[in-house]
Amino acid sequence: MKLQNSFHIIWLSGALLLSACSTKKDAFLNRNWHALNTKYNVLYNGNLAFEEGREQLNETYRDNYWELLPVERLEVTDEIKLDSEDNNPNFIRAEDKATKAIQKHSMEIGDEERNPQTDEAFLLLGKARYFDQRYVPAIEAFNYILQKYSESNKLNEATIWREKTNIRLENEELALRNLRRLLKYERLKDQEYADARAMMAQAYINLKAPDTAIQQLKIASAYTKKNAEKGRYYFIIGQLYNQLGFKDSANYAFDKIIDLQRKTPRVYWVNAHLQKIQNIGITNENKEDLLEYLTWLEINRENRPFLDKIFRQIAVYHNTLEQDSLSLAYYNRSLRAANQSPQLFALNYEDLAEHYFDDNEYKTAGAYFDSVLPNLPENTKKYRTIKKKLDNLEDVITYESTVQYADSVITVYKMPLEGRKVYFQAYIDQLKAKADELAAKEESRLNAGFAVFGESKGGKENKGKFYFYNITSLGYGKTDFKNKWGNRTLEDDWRWSTKNTAQGFDLTAIGTETEGDEQGEIPEDLKYSLDYYLDRVPTDVAVIDSLDRERNFANYQLGLIYKEKFKENMLAAAKLERVLESSPEERLVLPSKYNLFKIYEEVGSPLALDMKENIIRNHPSSRYAEILLNPQAVLEASEDSPEARYARLYQLFEAQEFLRVITGSEESINMFPGDPIVPKFEMLKATAIGRLQGFKEFKEALNYVALNYPNQPEGKKAQEMVAEQLPKLEPNEFSAENGLDSGGNWKVVFPFKRSNDAAALRLIKRLEASIKDLNYSNKVSKDIYNLEDEFVVVHGFKSRDFALGYVELLKNNKDYRIANENFVILSNNYKTVQIHKNIEDYRRQNLTPKP
């Protein structure tokens with residue numbers, strides 16, 4: 001009987017369960033079964049996955065406190081996603097659970113939803129899509145709640161989330177309109193009210209209305225119950241006040257964060273202190289208090305994760321007070337403590353670069369500027385500014401190195417023999433002292449290491465064993481060998497001194513505290529030889545004269561760079577004055593004087609009048625004297641200005657007047673020595689030489705531009721052409737034309753003497769008429785070959801037979817009767833002829849009748 005009753009109970013329960021599973025019956029059991037299953041099964045797991053995803057975002061997201069913080073902590077990209085590929089798996093799982101809840105437990109009967117948990121499923125669906133940056137599908141989910149579930153208690157929350165999504169889609173005006181309507185007509189909970197006001201603040205920030213955003217954030221911070229949000233809102237308020245220039249109001253907002261103590265995340269608390277310090281100007285009255293304030297932040301153990309920013313602020317403090325050693329120390333401590341903060345790296349490296357530049361340590365400054373760029377986003381104004389400064393600095397480094405090297409060599413050259421001996425002996429003594437110091441340190445280290453090992457368990461166990469069986473002893477031995485002999489290849493005669501690599505000899509290092517760069521290899525047995533160094537001093541006067549010219553040119557270029565690009569007038573004046581003191585080439589004298597005059601005039605020095613009179617008296621017929629006597633000449637754009645002359649020469653180049661371009665460029669180069677436009681004349685001249693004289697002369701002219709103007713755009717372009725284009729043009733062999741009757745591109749060439757240019761022009765008119773009559777698509781041109789010869793060329797024949805047929809037609813047709821000398825040539829061979837000027841070689845190879 002009991003068994004029968006149990007069977008009935010099980011059967012009845014199963015029937016009730018099956019009945020409750022139906023989503024088509026609007027019964028109490030059905031509604032509650034699906035609601036409970038949705039809430040405590042599917043949605044519960046979905047919400048867990050969603051919260052895990054948000055927590056993961058919070059852990060990986062890094063706020064950029066150097067810029068205005070967004071109201072919501074969410075890292076977004078520029079792309080708008082439409083699917084869930086390659087997204088956070090937690091949000092994908094949350095979306096799957098929400099979808100499952102809707103598909104399996106929705107009870108839409110008579111256009112009315114009977115499961116009270118379905119609206120929450122749609123809300124979870126929209127939020128998961130929002131955090132996956134799939135904003136369009138997210139809005140669809142939020143809109144479905146607002147349109148379908150008019151009695152839901154999630155309508156206000158869904159509206160706020162929808163407007164958050166609209167703001168992400170840059171529909172700020174629409175979001176503000178909807179949020180204002182929500183605040184006007186709906187009764188919101190305090191947290192919902194705070195969220196709505198915060199989102200309005202973000203919209204106003206995006207619309208560049210910071211004052212209105214501040215008011216919205218103040219309201220949001222008053223209503224929110226979450227201290228993390230309160231701290232964030234106060235921090236953004238402070239940043240906005242800083243943007244508006246109200247530092248006192250900003251500090252009041254930062255004080256609000258500081259008053260929260262541990263109730264708000266430590267990151268807001270620390271950055272509030274730092275922002276407040278930045279807003280306080282350093283004066284003699286408060287500098288000690290500020291240092292004590294910063295030191296208190298530094299020694300607080302809870303601030304260890306933020307020491308990188310605290311160290312930077314201390315570095316800035318010392319830098320402002322010109323306490324260089326302390327500022328450098330703290331900049332480096334900040335860099336060592338920094339963790340995944342490109343903005344901090346960029347700021348520290350830039351400050352260090354500026355410091356070393358101000359100290360004229362250009363090589364070090366360039367290295368730091370080079371480190372700034374990888375930490376800046378490309379295609380930004382800041383990136384372009386630093387890149388331009390680095391390019392200019394590379395020129396400075398190059399020229400300063402030239403000056404330093406030339407100075408050191410010339411100084412040693414001018415010394416008497418006894419002075420040279422003293423000079424080089426001091427350098428040798430430095431090398432010996434360093435070597436002895438390194439050897440003493442290494443010996444001390446090895447002895448200490450062996451002593452420690454001897455007292456250790458391993459040392460006692462290995463005592464008395466063969467050396468190569470004692471691992472620690474073997475390690476010390478390897479280190480000692482490497483320090484003494486360097487990296488040696490396993491081969492015979494490995495101890496020969498010529499096989500040892502040592503630091504090279506650098507004249508600039510002698511008598512200074514800096515170490516020379518590696519210049520080459522010095523044999524070990526000659527490393528401390530006085531005669532070796534004496535023999536390396538140049539004795540040829542031509543070499544010294546060349547170094548002197550290079551030094552003067554480098555100093556002149558440095559003067560222009562400091563004056564024009566870095567606005568360092570004193571540095572520029574010093575370089576230009578040194579040029580004039582060093583018996584420079586004539587081409588550098590006048591421009592150096594003129595630039596010195598402009599510097600003296602700008603700084604208000606009485607030397608400006610003296611320099612002006614010097615130019616007018618000693619160079620009366622120069623363009624600079626004309627400018628000084630008649631300043632309006634520059635404004636009137638005289639036809640003799642460098643720019644006007646260059647424009648005219650370029651027009652002549654396009655007209656193939658290459659000889660006039662060459663002579664005109666030479667005249668302009670001599671007329672405007674030192675002018676920034678001179679490299680352009682040189683480049684134009686080199687190109688004209690190539691077109692008129694051929695490959696060999698073109699290569700020489702390009703090399704001249706590359707060597708004399710290495711840091712000018714034209715010089716760099718010439719270097720690039722020498723390295724990349726000239727090797728492609730160098731082959732002067734001709735392609736075989738015999739047997740090649742079809743395919744390729746062919747030309748018909750009519751050679752003329754340039755003295756017979758009128759006949760060439762008449763032929764061009766007749767050829768153009770024939771092409772028009774025959775309805776051909778060919779083109780006719782006149783190409784200069786060299787000083788004596790030119791070609792009239794008909795281009796664009798698809799085969800040799802076609803070209804020969806055209807020539808035959810011209811010769812025999814009574815309308816044309818053109819019997820001028822001509823030949824048919826493959827386009828590639830014509831190009832070779834023009835590049836290498838080897839028409840005679842071509843004639844012998846292709847036009848000489850075969851026996």
Query raised in the report: Picking from Asn271, Ile237, Asn242, what satisfies side chain to side chain contact (heavy atoms under 4.5 Å, CB included) with Phe254?
Result: Asn242
Requested in this report: Given salt bridge (charged side-chain N to carboxylate O under 4.0 Å, His left out), test Lys382 with Glu350 step by step and report yes or no.
Outcome: CA-CA 11 Å; Lys382 184 70 173 177; Glu350 184 178 4; 2.8 Å; yes
Please round to the nearest 0.5 Å and tell me the distance separating atom [atom1] of [X] and atom [atom2] of [Y].
{"X": "Ile205", "Y": "Ile167", "atom1": "CD1", "atom2": "CD1", "value": "10.0 Å"}
{"X": "Leu291", "Y": "Ile314", "atom1": "CG", "atom2": "CD1", "value": "7.5 Å"}
{"X": "Asp395", "Y": "Ile561", "atom1": "CG", "atom2": "CD1", "value": "4.5 Å"}
{"X": "Tyr185", "Y": "Asn156", "atom1": "OH", "atom2": "CG", "value": "14.5 Å"}
{"X": "Leu182", "Y": "Leu155", "atom1": "CG", "atom2": "CG", "value": "10.0 Å"}
{"X": "Asn166", "Y": "Arg177", "atom1": "CG", "atom2": "CZ", "value": "10.0 Å"}

Quick check: [Y] with [X] (ring centres under 6.0 Å apart)?
{"X": "Tyr65", "Y": "Phe235", "value": "yes"}
{"X": "Tyr368", "Y": "His355", "value": "no"}
{"X": "Phe369", "Y": "Tyr349", "value": "no"}

Check whether more than 12 heavy atoms from other residues, nucleotides or ligands sit under 6.0 Å from atom [atom1] of [X], and answer yes or no.
{"X": "Tyr193", "atom1": "OH", "result": "yes"}
{"X": "Glu288", "atom1": "CD", "result": "no"}
{"X": "Glu170", "atom1": "CD", "result": "no"}
{"X": "Tyr252", "atom1": "OH", "result": "no"}

Give a yes or no on whether the backbone of [Y] and the side-chain of [X] come within a donor-acceptor separation of less than 3.5 Å.
{"X": "Lys276", "Y": "Asn251", "value": "no"}
{"X": "Asn332", "Y": "Leu328", "value": "yes"}
{"X": "Ser327", "Y": "Asp324", "value": "yes"}
{"X": "Thr264", "Y": "Leu260", "value": "no"}
{"X": "Asn286", "Y": "Thr283", "value": "yes"}
{"X": "Glu192", "Y": "Lys189", "value": "yes"}
{"X": "Thr224", "Y": "Ala220", "value": "no"}
{"X": "Glu568", "Y": "Tyr562", "value": "no"}
{"X": "Lys567", "Y": "Glu564", "value": "yes"}
{"X": "Thr165", "Y": "Trp161", "value": "yes"}

Heavy-atom pair of closest approach, residues [X] and [Y]:
{"X": "Ala365", "Y": "Phe357", "answer": "CB-N, 3.6 Å"}
{"X": "Thr380", "Y": "Pro377", "answer": "OG1-O, 2.8 Å"}
{"X": "Asn379", "Y": "Arg384", "answer": "C-NH1, 3.5 Å"}
{"X": "Asn303", "Y": "Leu297", "answer": "ND2-O, 3.0 Å"}
{"X": "Glu298", "Y": "Phe311", "answer": "OE2-CE2, 3.5 Å"}
{"X": "Asn279", "Y": "Ala250", "answer": "ND2-CB, 3.9 Å"}

Judged by modelled atom types alone, do [X] and [Y] share a side-chain donor-acceptor pair under 3.5 Å?
{"X": "Asn319", "Y": "Gln323", "value": "no"}
{"X": "Arg168", "Y": "Tyr130", "value": "yes"}
{"X": "Asp308", "Y": "Ser334", "value": "no"}

Does a side-chain heavy-atom distance below 4.5 Å link [X] with [Y]?
{"X": "Val267", "Y": "Asp63", "value": "no"}
{"X": "Lys309", "Y": "Val270", "value": "no"}
{"X": "His273", "Y": "Tyr293", "value": "yes"}
{"X": "Phe345", "Y": "Pro374", "value": "no"}
{"X": "Tyr317", "Y": "Ile277", "value": "no"}
{"X": "Lys127", "Y": "Glu157", "value": "yes"}
{"X": "Arg232", "Y": "Ile257", "value": "no"}
{"X": "Asn375", "Y": "Leu347", "value": "no"}

Flag the pair [X] and [Y] as a salt bridge only when some basic side-chain nitrogen lies within less than 4.0 angstrom of an acidic carboxylate oxygen.
{"X": "Asp351", "Y": "Arg312", "answer": "yes"}
{"X": "Arg181", "Y": "Glu163", "answer": "no"}
{"X": "Lys387", "Y": "Asp391", "answer": "yes"}
{"X": "Arg134", "Y": "Glu140", "answer": "no"}
{"X": "Arg266", "Y": "Glu302", "answer": "yes"}

**Report entry** Stepwise salt bridge (charged side-chain N to carboxylate O under 4.0 Å, His left out) check, Glu229 with Arg73
**Finding:** CA-CA 10 Å; Glu229 289 184 354; Arg73 295 186 78 248; over 6 Å; no
Sequence neighbours excluded and cut-off under 3.5 Å, please list the side-chain donor-acceptor pairs for residues 211-219, or say none.
residue : atom : partner : partner atom : Å
Gln216  : OE1  : Arg197  : NH1          : 3.0
Lys218  : NZ   : Tyr241  : OH           : 2.9

**Report entry** Stepwise salt bridge (charged side-chain N to carboxylate O under 4.0 Å, His left out) check, Glu72 with Lys164
**Finding:** CA-CA 10 Å; Glu72 183 180 35; Lys164 287 173 66 173; 2.9 Å; yes
